[in-house]
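One-based numbering along the sequence shown. Both backbone and side-chain heavy atoms feed into the values below; hydrogens, waters and symmetry mates do not.
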Amino acid sequence: SLTDADEKNLNTQIESLDAALKNIEPVYKNNKLLQENRVVALMAKGREFSANGYFREADAVLKSIKQDIDHLYHHHRTIFYVNYITNLVKSKLYKDVIYILDHEFSTDNILYKNMLLQNRLLCYMYLRDTKNLANYISYDLDAAPFPQNHVLKLIKSVYFYLTQDYDTALSIITSVIQMVATDKMSHHKPISILYKKLYTAKQKNALLKKMSSKDIKLLQNAINEFEETTPIEFKLVSVYLWLKQEIEQNLA
C-alpha cells in the first residue's frame with residue numbers, strides 16, 4: 001500500500017540507479033573500478049526495492065551480484081549480506097536465512113552481529129521454533145547496542161508468549177515500552193504497545209479454548225489504527241508483520 005509520493009520517490013531513485021547502470025553497462029567489462037561501481041549500484045537498487053516492499057524484485061537484484069560479492073568484493077560482503085538476509089526474512093524465506101547464517105556468512109562486527117542475530121531470531125519466531133529461540137535468547141540481549149536491544153527484547157517477549165508464560169511476556173514488553181520513551185524510537189513504541197495489547201488479551205482469555213471475538217475485534221481495530229497513522233517503512237518492519245499475522249491468522 002504505497003502512497004503516490006512513496007511510489008514516485010522510489011521510481012526516481014530506481015531511475016537514477018538504472019541510468020548509472022546503463023552508462024556503466026557497455027564499458028564495465030574491461031574496467032575494474034566500473035565493475036565494482038556496478039555491483040555497488042545494484043546493491044543500492046536491491047536495498048531500495050526492499051525498503052519499499054518489493055521483496056521479490058530486491059531478491060532477484062541481490063542474487064544477481066552474490067557471486068561477485070563472494071569472490072571479488074570481500075570488503076562489501078558484510079553490508080551485502082545484512083541487506084540480503086534482511087530481505088530474505090521479509091520474503092518469508094526463513095530456512096534459507098538460517099542456512100546462510102549457519103554455513104555462508106558470519107561477522108565479528110558487533111553492530112552487524114546483533115543485526116544478524118535479530119534476523120535469526122525473527123526466523124525462529126515466524127517458524128514458532130521455541131526450542132531454537134530458547135538457545136539464543138539466553139544470550140545477553142540487553143547488552144546489544146540501541147535500538148537493537150529493543151527489538152531483541154521484544155523477540156524475547158514473544159518466546160514467553162509462544163510458551164504461554166504471559167506474565168513474563170508482559171513484564172518484558174512493559175520494560176521495552178519504558179525503554180522506548182525516547183524520541184528517536186517513537187515509531188517503535190506503538191508496535192510495542194500493540195504487543196502488550198496482544199499479551200494482555202491472551203492472558204485474559206488463557207482459560208478459554210478460543211479468544212473472545214470482542215477481544216479479537218479490539219486487537220484488529222488497534223492494527224487498523226496503526227496502519228492508518230504510520231509511515232510505510234514501519235509497516236514493513238518484521239516484528240510488526242509478525243504481530244499482524246498473529247492477530248489476523250492465528251487468532252481470528
Side-chain angles (χ1 to χ4, degrees), residues 9-124 132 136 139-141 143-152 155 184-185 233-234 236-239:
N9 191 9
L10 172 69
N11 290 340
T12 315
Q13 285 179 308
I14 296 289
E15 275 165 24
S16 60
L17 286 165
D18 281 344
L21 286 161
K22 197 173 166 203
N23 292 334
I24 294 172
E25 201 58 45
V27 285
Y28 81 89
K29 289 202 165 58
N30 307 317
N31 182 317
K32 288 270 191 290
L33 180 67
L34 286 179
Q35 284 168 15
E36 184 167 351
N37 287 351
R38 176 177 170 271
V39 166
V40 170
L42 285 167
M43 200 154 73
K45 186 176 173 178
R47 200 166 55 224
E48 275 307 311
F49 271 140
S50 185
N52 287 281
Y54 295 95
F55 309 135
R56 283 228 306 277
E57 291 83 345
D59 188 56
V61 172
L62 294 170
K63 273 204 172 73
S64 76
I65 55 173
K66 186 173 179 289
Q67 272 194 308
D68 284 350
I69 296 278
D70 283 339
H71 300 302
L72 300 171
Y73 307 115
H74 258 225
H75 50 294
H76 291 306
R77 261 188 115 215
T78 302
I79 269 295
F80 170 81
Y81 271 96
V82 167
N83 283 302
Y84 180 50
I85 287 168
T86 302
N87 188 66
L88 286 172
V89 174
K90 290 175 177 175
S91 307
K92 301 186 166 30
L93 298 167
Y94 310 120
K95 296 199 166 119
D96 296 10
V97 173
I98 291 161
Y99 182 86
I100 291 168
L101 291 173
D102 287 344
H103 303 283
E104 290 185 3
F105 183 74
S106 63
T107 175
D108 294 326
N109 175 308
I110 189 76
L111 173 72
Y112 293 122
K113 212 180 180 132
N114 282 303
M115 280 171 93
L116 294 172
L117 173 66
Q118 181 177 315
N119 280 317
R120 179 188 283 279
L121 291 175
L122 283 167
C123 291
Y124 293 143
N132 271 309
Y136 283 91
Y139 167 89
D140 188 6
L141 302 179
F146 180 88
Q148 287 160 334
N149 54 354
H150 162 257
V151 180
L152 292 170
I155 295 170
K184 54 181 169 175
M185 288 293 282
E233 64 268 29
F234 305 132
L236 297 172
V237 174
S238 291
V239 283

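Listed by chain and number, the residues in a side-chain contact (heavy atoms from CB on, under 4.5 Å) with Glu57 are Phe49, Tyr54 (sequence neighbours excluded). Residues that satisfy the salt bridge (Lys or Arg N to Asp or Glu O under 4.0 Å) test with Asp102, not counting sequence neighbours, are Arg120. Qualifying side-chain hydrogen bond (donor to acceptor under 3.5 Å, both in side chains) partners for Asn119, counting only residues two or more places apart in sequence or in other chains: Thr86. Checked against side-chain hydrogen bond (donor to acceptor under 3.5 Å, both in side chains), Arg56 has no partners two or more places apart in sequence or in another chain. Judged as a salt bridge (Lys or Arg N to Asp or Glu O under 4.0 Å), and not counting sequence neighbours, the contacts of Asp59 are Lys63. Under the rule for a side-chain hydrogen bond (donor to acceptor under 3.5 Å, both in side chains), His71 has no partner lying at least two apart in sequence or in another chain. Partners of Tyr73 under the ring-ring contact (aromatic ring centres under 6.0 Å, His included) rule, at least two apart in sequence or in another chain, do not exist in this structure. The salt bridge (Lys or Arg N to Asp or Glu O under 4.0 Å) search around Glu104 returns Lys66, not counting sequence neighbours. For the side-chain hydrogen bond (donor to acceptor under 3.5 Å, both in side chains) test, no residue two or more places apart in sequence or in another chain qualifies with Ser238. Listed by chain and residue number, nothing satisfies the side-chain contact (heavy atoms from CB on, under 4.5 Å) test with Ser16 (two or more places apart in sequence, or in another chain). Partners of Asn109 under the side-chain contact (heavy atoms from CB on, under 4.5 Å) rule, at least two apart in sequence or in another chain, are Thr107, Leu111, Tyr112.
The two residues Leu21 and Ala41 have their closest heavy-atom pair at CD2-CB, 3.8 Å. Contact record, Gly46 with Ala58: O-CB, 3.3 Å, taken as the closest heavy-atom pair.
In this structure, Leu122 CG and Leu116 CG are separated by 11.5 Å, a value rounded to the nearest 0.5 Å. Remark: Leu62 CG to Asn83 CG distance equals 7.0 Å, nearest 0.5 Å. In this structure, Tyr99 OH and Leu101 CG are separated by 12.0 Å, a value rounded to the nearest 0.5 Å. The distance from atom CG of Leu42 to atom OG of Ser64, rounded to the nearest 0.5 Å, is 5.5 Å. Rounded to the nearest 0.5 angstrom, Ile65 CD1 and Phe80 CZ are separated by 5.0 Å. The distance from atom CG of Asn52 to atom CD of Gln13, rounded to the nearest 0.5 Å, is 7.5 Å.
Inter-residue side-chain proximity for Tyr84 and Ile100 is flagged as met; some heavy-atom pair is nearer than 4.5 Å. Looking only at side-chain heavy atoms (C-beta outward), Val89 and Cys123 come within less than 4.5 Å of each other.
Applying the side-chain hydrogen bond (donor to acceptor under 3.5 Å, both in side chains) test to every pair with at least one member in residues 35-47, sequence neighbours left out, gives these pairs: Asp18-Lys45, Glu36-His75, Glu36-His76.
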Could you go through the side chain to side chain contact (heavy atoms under 4.5 Å, CB included) check for Asp70 and Tyr81 one step at a time? CA-CA 10 Å; Asp70 283 339; Tyr81 271 96; 2.9 Å; yes
Dump the intermediate steps for side chain to side chain contact (heavy atoms under 4.5 Å, CB included) on Tyr124 and Ile98, then the final yes or no. CA-CA 9 Å; Tyr124 293 143; Ile98 291 161; 3.4 Å; yes
